[in-house]
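So that the names make sense, note that chain A is the first sequence line, chain B the second, and so on, each numbered from 1. This is a predicted model, so every value here is computed, not measured.
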Number of protein chains: 2
Amino acid sequence: MSPVKSRREQYSDETRAALLDAATRRFAEHGFAKTSLEDVATDIRATRGAVYHHFPNKTALFEAVFHELESEMIRRVTEVAAGETDPWQAAMSAVRQFLDGSCDPVYGRIVWQEAPIALGWRRWRECEEKYAYGLIEQTIQSLMESGDMPDLPLEPVSHITFHILGAAGMALAEAPPDEKTRVRDEYARAIRHILNGARLPRT
Amino acid sequence: MSPVKSRREQYSDETRAALLDAATRRFAEHGFAKTSLEDVATDIRATRGAVYHHFPNKTALFEAVFHELESEMIRRVTEVAAGETDPWQAAMSAVRQFLDGSCDPVYGRIVWQEAPIALGWRRWRECEEKYAYGLIEQTIQSLMESGDMPDLPLEPVSHITFHILGAAGMALAEAPPDEKTRVRDEYARAIRHILNGARLPRT
DNA sequence: ATACGAACATACACAGCGTATGTCTCCAAC
DNA sequence: GTTGGAGACATACGCTGTGTATGTTCGTAT
């Protein structure tokens, strides 16, 4: 399963990775609009030609960055949740892990602040179906099935939950580094309180 | 208080209003990025010169549109809330009125979808301080003071509430016209349930 | 009657994306 | 080992759209 790569292929992979890396930093620091592909290219001592060789356009490059960050986040969150047996506890751990991960300014800025701008709401939502939104929906559903939550329409509840977590993610992205833990704990409390309120007493 | 306007001033006011009107429709239909000032100008049989005479730049034109829509919404919401005596009832009526108003696709698209993109999150938030966010914060505070809500940190709670309402506003903006009332009612139920959960029993 | 300034139109500079084309170099086959 | 081909980039250009600088018209005050 490890097809020995040719020298050329290896070089190509490395520049692609370097492009992703540089783009990640640029997007996180200056935002999507104010990042020119020229900058990204020169960062790795290449030209825009290299960028357009590896990615069809600017938004595709951004999407690649987005996918990397988001899939890593999902991996960690599901890992933590899988460690719990009780559905409600699993959800709470997932939230906690999400808030922890959102303290990373790169993640917060790119996924919660820049992505909707860069991809547009619709496309962003489409992408998130695979990641956060999809995970939230299935978690909520399992909570409804286990009797932890009332049988409200799934769509609005997941959508609202998505935005509640988004609010926290954005707040954490904006918070100065030395206040992140305080902000994280405040939001954790507030979210826990809200979710507990929405909870049903187990029958 | 009605300083009789000169002919010139009247003409000027009219073109300004026409620009705002055309821009509103363009922004609502095609979004901020895909609306060129050329289009807006030709819509009212003028040139980009007129636009740049009345507004310093593209985002300023958008902000003007945004302010119009948002101040009108706030006017209606506060009006409705003022009709209630009980703080909690006032808040619920305000939510209801907000959801009603959000069924207008122009409002939803511009205020909740395009505004963060056009102005950037930070500026958007700054603008909203005057409108929705400010109103929410003071409402929450009054609910905490009246003992309807627990004394959690104000900032995260208002922020989250803001995003909960935003989720509803966006969903309504996206929903096809013939489903808007259904979606509105679903979100109304979900939000009511969430807020009721967060509520404290009156002492 | 005229001069001045507001309200717009016209013209230009510049940035940034996307695309078309060129060049180099690795690799394979003979 | 040289040659053909293709992948990996670089170079060059066109185009769109913003912002600005300059020109023109036309009310209005004096």
Atom CD of A:Q10 and atom C1' of C:dC26 are separated, to the nearest Å, by 13 Å

Would the B:F162 and B:W124 ring centres measure less than 6.0 Å apart?
yes

Could you work out which one of D:dG19, D:dA10, C:dA9 sits closest to the side chain of A:A46?
D:dA10

Of all the choices, C:dC17, D:dT18, D:dA10, which nucleotide is nearest to the side chain of A:Y52 once you look at every atom?
C:dC17

What nucleotide, of D:dG19, C:dT10, D:dT11, holds the atom closest to the side chain of A:T47?
D:dT11

Figure out the CD/C1' separation between B:E38 and D:dC15, and round it to whole Å.
14 Å

Sidechain N-carboxylate O distance under 4.0 Å for A:R189, A:E186:
no

B:T15 vs C:dC8: side-chain N/O to OP1/OP2 distance below 4.0 Å:
yes

Under 4.0 Å, heavy atoms only, any strand: does B:T35 hit a base, just the sugar-phosphate, or nothing?
sugar-phosphate

Between A:D21 and A:T24: side-chain donor-acceptor atoms closer than 3.5 Å
no

Among side-chain atoms of A:E72 and A:Y107, is any donor-acceptor pair under 3.5 angstrom?
no

Selection from D:dC9, C:dC17, D:dG19 that lies nearest to any side-chain heavy atom of A:L37
C:dC17

When you measure from the side-chain N and O atoms of A:S12 to the phosphate of D:dA8, is any distance below 4.0 Å, counting only OP1 and OP2?
yes

For B:H53 and C:dC8, is the shortest distance between a side-chain N/O and OP1 or OP2 below 4.0 Å?
no

Atom CZ of B:F55 to atom P of D:dT20: distance rounded to whole Å?
16 Å

Nearest-nucleotide wise, let me know which of A:F32 and B:R16 is further upstream toward the 5' end of DNA chain C.
B:R16

May I ask you to verify whether the side chain of B:R48 and the base of D:dG17 hold a donor-acceptor pair under 3.5 Å?
no

